Amino acid sequence: MTAEIICVGTELLLGNITNTNAQFIGEQLAELGIPHYYQTVVGDNPERLKKAIRIASERSQLLIFTGGLGPTPDDLTVETIADFFQTPLIEKPEIIQDIAQKFASRGREMSPSNRKQALIPQGADILYNRIGSAPGIIWQPRGDRLTLLTFPGVPSEMKQMWVEIAIPYLRQQGWCSQTIYSRTLRFWGITESALAEKVAPFLELQNPTVAPYANYGEVKLRISACAESAARAAALIEPIVTQLRQIAGLNCYGADDDTLASVVGQHLRQTQQTLSVAESCTGGGLGKMITEISGSSQYFLGGVIAYDNRIKNQLLGVNSTDLDQLGAVSATVAEQMALGVRSLLQTHWGLSITGIAGPSGGTDSKPVGLVYIGLAKPDGTATSQEFRFGNQRERSWIQRASACSALDLLRRQF
């Protein structure tokens with residue numbers, strides 16, 4: 001018994017919006033222990049949607065649709081499904097009443113086009129939408145051999161309907177006999193290939209399974225187990241998590257929802273220490289990461305975006321001779337920037353970033369992607385580290401990797 005996701009909307013194909021619905025439903029299916037092997041994105045075209053339904057209904061027993069439930073002419077999901085299964089559409093007065101009440105509560109009158117949303121296949125049940133105007137359906141057009149669920153494309157509406165109605169329905173129907181439970185370990189300072197070599201035997205496990213993936217310089221290991229309950233699956237995972245942490249050492253900075261910024265913040269809060277930052281090529285990106293963490297005002301006092309050398313010299317106290325002779329992108333300047341912002345804002349720690357994020361500005365001796373990170377310590381000393389992120393990377397990638405590397409450099413001090 002397997003599930004399949006079909007997302008409807010030309011805007012998804014064109015890349016106008018990100019398909020977060022498929023991600024959410026995929027994660028939910030895994031938590032419920034429902035096998036899920038295929039996802040399809042199809043535009044607002046009835047013939048192509050019918051083809052997707054035909055293929056999916058031949059290989060999966062639970063089809064989950066998102067999108068195409070609105071009142072406009074290009075919202076064709078329900079009528080196309082009904083046409084495919086050669087079933088007439090029936091207007092449901094209770095849906096019309098529900099939509100009219102929602103419009104009235106907002107001081108508006110329901111448009112005649114919204115009556116289209118009250119049409120559902122004969123024999124289908126209504127999957128009520130408490131937030132928006134577009135209801136979904138729960139339908140078994142071939143008896144218990146095939147179940148269809150339709151959801152609106154608006155993520156907030158879809159999630160509410162899924163949690164409040166779909167999950168209880170699937171449990172009641174016996175779809176959730178097992179649970180797939182996952183944890184994610186997060187790594188910085190090691191490549192995906194190097195980590196995979198270190199943990200190679202674990203990648204061959206069947207239950208739990210271990211899978212690596214990488215994004216923006218961060219490497220992750222997803223550990224998943226299938227069992228009759230979440231508690232049992234977690235028990236299968238925990239020894240593997242412990243062993244992987246031991247193998248990776250300091251390269252493993254956290255798990256699940258941890259970020260480098262949240263982990264650093266936790267250390268600073270526990271030690272009652274403070275931090276300030278001085279940024280050049282990241283243009284405030286490091287400060288943004290830090291302040292995205294709730295409660296960061298307890299330990300983060302502020303920062304300086306020292307893009308111009310005059311700011312480095314006049315505000316942070318970087319030696320003008322060093323700027324002239326060594327250049328702004330150098331280990332010495334990075335250390336002085338860190339010491340300068342620590343002194344200026346009177347914090348325990350000071351972090352600095354100076355580099356060439358591109359796409360222009362690089363030379364043979366100082367190519368795009370060259371970054372120096374400085375760290376000023378509570379004892380008044382400073383160190384720096386050189387990073388080469390590659391001159392083929394996008395500017396945003398280099399900036400993000402620089403900010404993460406700065407946080408990781410500080411994390412390793414605790």
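In what follows, residues are counted from 1 in the order of the sequence shown. Note that the structure is predicted; figures quoted are calculated from it, not measured.
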Does any part of the side chain of Gln140, heavy atoms only, come nearer than 4.5 Å to the side chain of Leu146, both counted from C-beta? no
For residues Ile167 and Leu32, determine if any side-chain heavy atom of one lies less than 4.5 Å from a side-chain heavy atom of the other. yes
Ring centroid separation for Tyr169 and Trp162, is it under 6.0 angstrom? no
Counting only heavy atoms not in [X] (residues, nucleotides, ligands), do more than 12 fall under 6.0 Å from its [atom1]?
| X | atom1 | answer |
| --- | --- | --- |
| Arg412 | CZ | yes |
| Gln86 | CD | no |
| Arg269 | CZ | yes |

Cationic tip of [X] within the cone over [Y]'s six-membered ring, i.e. under 6.0 Å and within 45° of the normal?
| X | Y | value |
| --- | --- | --- |
| Arg411 | Tyr253 | no |
| Arg54 | Phe84 | no |
| Lys159 | Phe24 | yes |

Heavy-atom closest pair (Cys281 atom, Arg395 atom, distance to 0.1 Å) is O-NH2, 4.3 Å
So which heavy atom on Ile99 is nearest to which on Asn114, and how close? CD1-O, 3.8 Å
Give me the ring orientation class for Trp397 and Phe389: parallel if the planes are under 30° apart, tilted from 30 to 60°, perpendicular past 60°. perpendicular
Expected output: side-chain Asp256 to main-chain Thr184 donor-acceptor under 3.5 Å: yes
